[in-house]
Every structure is written in C-alpha cells, then in structure tokens.
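Reading through the structure tokens given below for one structure.
Owing to the predicted nature of the structure, the values given are computational and were not obtained by experimental measurement.
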Amino acid sequence: MTRRSCPCGLPQPYEACCGRYHSGSAAAPTAEALMRSRYCAFVKGDADYLLRTWHPRTRPGTLELDPGMRWTGLEILGTGDGSAFHSAGTVEFRASYRGGSLHERSRFERVDGAWVYVDGDYLP
C-alpha cells in the first residue's frame, strides 16, 4: 500500500507532514509551514486548528467551513521572512478549488513563540 502525499503539496505522508501540526504534537517552524498546514486544515475540514492558529487580534469568534468545498491544490508563489529567525512573515499563495482559485498574500506573526495567521490581501 502506498501512502499519499500530504494535501499541502509536499511529498511526505499527511501524518509526517501537516498531521503532526494538526494533532498538536509539533508546531509549524516557519510561516510557510503554517500556511501549508492551514491549507491542509481547510482540505480536512479542521476548523478547530484554523481557529487555534489564528492571531487573537484578528480571530473570528466562530468559523463554519463549507462541507461542499473541494480544495484541489496549493502553490506557494513567494515568501518574505517567516523563518525561525523572524517574528513576522508573509506567504503569497494560490489555492485551487473545484471551479476556481484564491490568490492571497497572507501575514503571519509569532505569538508566544508560535506562528499564527494574522490576515491577508486578495490579489488578482
């Protein structure tokens, strides 16, 4: 039996990639890793993880995901800072779904040492 690669687009199996962040056994080490894990949480319908990794300043009170949404791929277009040596970073990405795609530049910051999503700008 072959294991499928993680929905975030990296070749590792889900459990060894974003699954460990979703379960809480590891924290995303970079803004890009958090971005990938958040995309994967949308694919998996894991609203709790999305809320947990959202900056307290911008986090919504609740998050309802559309169960009919089918995400089909993630392409990282660029990153700015966001490594272990930074306190903030950006990730520009295109997330495809059945019927279209979303192009965004997301902002991330560290809160108590952990990367969290702040907000993003939709791009044409």
Side-chain angles (χ1 to χ4, degrees):
M1 176 174 133
T2 59
R3 292 187 157 212
R4 293 181 44 180
S5 60
C6 189
C8 81
L10 295 178
Q12 298 93 335
Y14 167 75
E15 296 77 16
C17 193
C18 294
R20 60 198 173 123
Y21 307 140
H22 293 175
S23 70
S25 65
T30 65
E32 181 183 336
L34 182 66
M35 170 61 236
R36 288 180 178 280
S37 72
R38 286 177 57 82
Y39 168 82
C40 191
F42 276 104
V43 171
K44 299 272 188 187
D46 189 347
D48 289 341
Y49 180 78
L50 292 166
L51 288 169
R52 233 179 21 252
T53 58
W54 210 310
H55 197 293
R57 183 175 75 237
T58 57
R59 179 186 317 140
T62 61
L63 182 63
E64 295 202 20
L65 301 177
D66 179 353
M69 181 66 116
R70 294 293 173 255
W71 295 98
T72 59
L74 177 66
E75 181 183 5
I76 301 297
L77 302 172
T79 61
D81 295 339
S83 77
F85 303 103
H86 300 108
S87 59
T90 60
V91 178
E92 182 180 345
F93 68 93
R94 181 172 292 112
S96 300
Y97 55 88
R98 194 179 315 146
S101 67
L102 167 73
H103 185 188
E104 181 177 312
R105 182 177 298 110
S106 295
R107 284 178 283 282
F108 298 88
E109 293 178 5
R110 284 186 188 264
V111 172
D112 297 329
W115 284 107
V116 292
Y117 169 78
V118 177
D119 59 16
D121 296 320
Y122 295 110
L123 302 170

| request: Give the cluster check for Tyr14 versus Met35: same hydrophobic cluster or not, with ILVMFWY residues linked at side-chain heavy-atom distances below 4.5 Å. | output: no

| query | Out of curiosity, does Val43 fall in the hydrophobic cluster containing Leu51 (side-chain heavy atoms, cut-off under 4.5 Å, transitive links)? | reply |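 Yes.
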
Does [Y] offer a backbone N or O that forms a donor-acceptor pair with the side chain of [X] under 3.5 Å?
| X | Y | answer |
| --- | --- | --- |
| Arg70 | Arg98 | no |
| Ser106 | Gly120 | no |
| Tyr39 | Gly73 | yes |
| His22 | Ser37 | yes |
| Ser96 | Thr72 | no |

| said: Quick check for you: to the nearest 0.5 Å, what is the distance between Phe42 atom CZ and Leu74 atom CG? | reply: 11.5 Å

| Trp54 CH2 to Asp119 CG distance, which is reported to the nearest 0.5 Å | 9.5 Å

Please report the shortest heavy-atom distance between [X] and [Y], naming the atom on each side.
| X | Y | result |
| --- | --- | --- |
| Leu123 | Glu104 | CD1-C, 4.1 Å |
| Pro29 | Trp115 | O-NE1, 3.3 Å |
| Tyr117 | Thr58 | O-OG1, 4.1 Å |

If we only count heavy atoms from C-beta on, is the [X] to [Y] side-chain gap below 4.5 Å?
| X | Y | result |
| --- | --- | --- |
| Tyr21 | Thr53 | no |
| His103 | Leu77 | yes |
| Ile76 | Arg36 | yes |

| task | Determine, step by step, whether Gln12 and Cys6 satisfy the side-chain contact (heavy atoms from CB on, under 4.5 Å) criterion, reporting the C-alpha distance in whole Å, the side-chain angles of both residues, the deciding distance to 0.1 Å, and the verdict. | result | CA-CA 6 Å; Gln12 298 93 335; Cys6 189; 5.6 Å; no

| said: With ring pair (Phe, Tyr, Trp, His ring centres under 6.0 Å) as the rule and sequence neighbours excluded, what pairs involving residues 77-98 come up? | reply: Trp71-Tyr97

| query | Just wondering, more than 12 heavy atoms not from Arg110 lying within 6.0 Å of its CZ? | reply |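 Buried by this count: over 12 neighbours within 6.0 Å.
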
| query | Will you find, in the side chains of Thr30 and Glu32, an N or O donor that is under 3.5 Å from an N or O acceptor? | reply | no

| Full working for side-chain contact (heavy atoms from CB on, under 4.5 Å) between Arg107 and Asp121 | CA-CA 9 Å; Arg107 284 178 283 282; Asp121 296 320; 2.9 Å; yes

| field | Geometric cation-pi criterion, Lys44 with Tyr49: 6.0 Å, 45° | value | no

| request: Begin from the C-alpha positions of Val111 and Arg57 and carry the test side-chain contact (heavy atoms from CB on, under 4.5 Å) through to its verdict. | output: CA-CA 11 Å; Val111 172; Arg57 183 175 75 237; over 6 Å; no

| task | Show the numbers, then the answer: is there a side-chain contact (heavy atoms from CB on, under 4.5 Å) between Leu65 and Leu50? | result | CA-CA 10 Å; Leu65 301 177; Leu50 292 166; 4.0 Å; yes

